[in-house]
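Shown next, in structure tokens, is the structure this report addresses.
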Amino acid sequence: GQLDTTCHAFVGETVVLPCTTTPPGELALSKSMLYWQIGTKQLVHFFQNGHDSLEGQDEKFHDRTSLFLDQMKHGNFSLRISNVQLGDDAEYSCIYRQTESHQTKKSTIKLNVSAAPRIEEPPSPSEQNQIPSGSPLDVPSLAVLPLSFLLLVPLGLWHL
């Protein structure tokens with residue numbers, strides 16, 4: 001299937017993979033199943049008969065996934081993954097199935113995981129000394145000044 005959306009997260013962050021449906025009225029969660037999976041074999045989160053059912057959940061997602069249980073009956077099946085790891089970078093499928101009508105809805109979300117952003121440190125005092133104060137436009141004129149001064153001195157002497 002095609003991608004519905006792409007999410008980005010850094011290692012260690014919490015990310016929410018969006019998955020929503022617009023139900024007519026409230027959904028009967030006791031007669032529903034919700035799968036979050038990678039490919040066809042890796043189960044990320046499973047919800048059935050009104051509660052989480054995580055026996056078959058992939059080990060690496062243990063204690064890191066959760067649903068918005070209070071919002072599910074309104075069609076919000078988004079999955080929260082905490083402490084994101086580089087290995088979580090994958091295409092996730094959100095599959096919602098109503099057990100009575102056998103109506104199935106599926107969406108695909110790509111999660112791009114990046115290494116944690118490097119914390120920028122303030123420049124050390126020695127680096128600050130090398131940076132001239134003032135706007136960048138001042139820098140070229142300062143460099144030109146000594147050169148024009150050197151040219152003016154010999155010319156001035158020539159006329160004497």
Side-chain angles (χ1 to χ4, degrees), residues 1-140:
Q2 67 189 61
L3 275 183
D4 292 289
T5 189
T6 302
C7 294
H8 301 273
F10 288 111
V11 170
E13 286 185 340
T14 295
V15 69
V16 174
L17 303 183
C19 181
T20 54
T21 182
T22 47
E26 289 193 357
L27 296 169
L29 295 178
S30 58
K31 301 178 181 126
S32 314
M33 288 189 287
L34 175 67
Y35 300 85
W36 273 95
Q37 61 190 44
I38 298 172
T40 54
K41 302 207 166 57
Q42 197 172 6
L43 186 64
V44 179
H45 201 98
F46 181 51
F47 179 92
Q48 71 174 348
N49 302 329
H51 54 85
D52 289 331
S53 178
L54 302 177
E55 294 79 37
Q57 182 184 41
D58 188 291
E59 282 280 308
K60 73 176 192 170
F61 289 103
H62 185 67
D63 284 340
R64 294 198 301 124
T65 61
S66 61
L67 301 168
F68 297 88
L69 299 174
D70 55 332
Q71 298 172 32
M72 286 182 68
K73 62 177 182 268
H74 303 297
N76 182 355
F77 304 135
S78 300
L79 179 73
R80 184 190 295 118
I81 303 176
S82 58
N83 191 18
V84 171
Q85 302 300 309
L86 283 173
D88 297 344
D89 190 295
E91 274 185 25
Y92 293 76
S93 296
C94 168
I95 303 158
Y96 170 71
R97 184 172 294 144
Q98 288 179 317
T99 33
E100 286 180 341
S101 64
H102 297 291
Q103 189 181 9
T104 301
K105 294 190 169 147
K106 178 180 177 182
S107 66
T108 306
I109 295 92
K110 172 82 178 101
L111 175 61
N112 291 327
V113 180
S114 309
R118 206 166 53 86
I119 296 160
E120 292 295 323
E121 292 179 21
S124 65
S126 63
E127 286 175 35
Q128 284 177 337
N129 292 343
Q130 296 166 7
I131 302 163
S133 60
S135 69
L137 294 173
D138 294 343
V139 178

Gap separating the [atom1] atom of [X] from the [atom2] atom of [Y], nearest 0.5 angstrom:
{"X": "Asp52", "Y": "His45", "atom1": "CG", "atom2": "NE2", "answer": "3.5 Å"}
{"X": "Leu54", "Y": "His62", "atom1": "CG", "atom2": "NE2", "answer": "8.5 Å"}
{"X": "Asn83", "Y": "Asp63", "atom1": "CG", "atom2": "CG", "answer": "11.0 Å"}
{"X": "Thr108", "Y": "Ile38", "atom1": "OG1", "atom2": "CD1", "answer": "12.0 Å"}

Which atom names give the shortest non-hydrogen contact between [X] and [Y], and what distance separates them?
{"X": "Val11", "Y": "Ala115", "answer": "CG2-CA, 4.0 Å"}
{"X": "Ser78", "Y": "Leu67", "answer": "O-CD2, 3.7 Å"}
{"X": "Pro18", "Y": "Thr5", "answer": "CG-CG2, 3.8 Å"}

Practice task
Please step through side-chain contact (heavy atoms from CB on, under 4.5 Å) for the pair Val113 and Gln85, ending with a clear verdict.
Solution key: CA-CA 7 Å; Val113 180; Gln85 302 300 309; over 6 Å; no

Problem - Salt-bridge contact Asp4-Lys110 (side-chain N to carboxylate O under 4.0 Å) - result: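 Salt bridge absent between Asp4 and Lys110.
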
Can you find a pair of side-chain heavy atoms, one from [X] and one from [Y], that are under 4.5 Å apart?
{"X": "Phe47", "Y": "Leu29", "answer": "yes"}
{"X": "Lys106", "Y": "Ser93", "answer": "yes"}
{"X": "Asp88", "Y": "Lys60", "answer": "yes"}
{"X": "Asp89", "Y": "Asn112", "answer": "yes"}
{"X": "Cys94", "Y": "Leu79", "answer": "no"}
{"X": "Cys19", "Y": "Trp36", "answer": "yes"}
{"X": "Gln37", "Y": "Phe46", "answer": "no"}
{"X": "Arg80", "Y": "Phe68", "answer": "yes"}

Between [X] and [Y], do the side chains contain an N or O donor and an N or O acceptor separated by less than 3.5 Å?
{"X": "Glu55", "Y": "Ser53", "answer": "yes"}
{"X": "Tyr96", "Y": "Ser32", "answer": "yes"}
{"X": "Arg97", "Y": "Thr104", "answer": "yes"}

Handout entry: Sidechain-backbone polar pair: Arg64 side chain, Ile81 backbone, donor-acceptor under 3.5 Å
Key =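 Checked: no pair found.
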
Exercise for the section: Decide yes or no on side-chain contact (heavy atoms from CB on, under 4.5 Å) for Phe61 and Leu43, but give the supporting numbers first. Expected result: CA-CA 9 Å; Phe61 289 103; Leu43 186 64; over 6 Å; no

Exercise for the section: Let me know which of Gln98, Gln48, Glu100 forms a side chain to side chain contact (heavy atoms under 4.5 Å, CB included) with Lys31. Expected result: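 Only one option passes, and that is Glu100.
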
Practice task
Check the pair Leu27, Met72 against side-chain contact (heavy atoms from CB on, under 4.5 Å), reporting the backbone distance first and the verdict last.
Solution key: CA-CA 8 Å; Leu27 296 169; Met72 286 182 68; over 6 Å; no

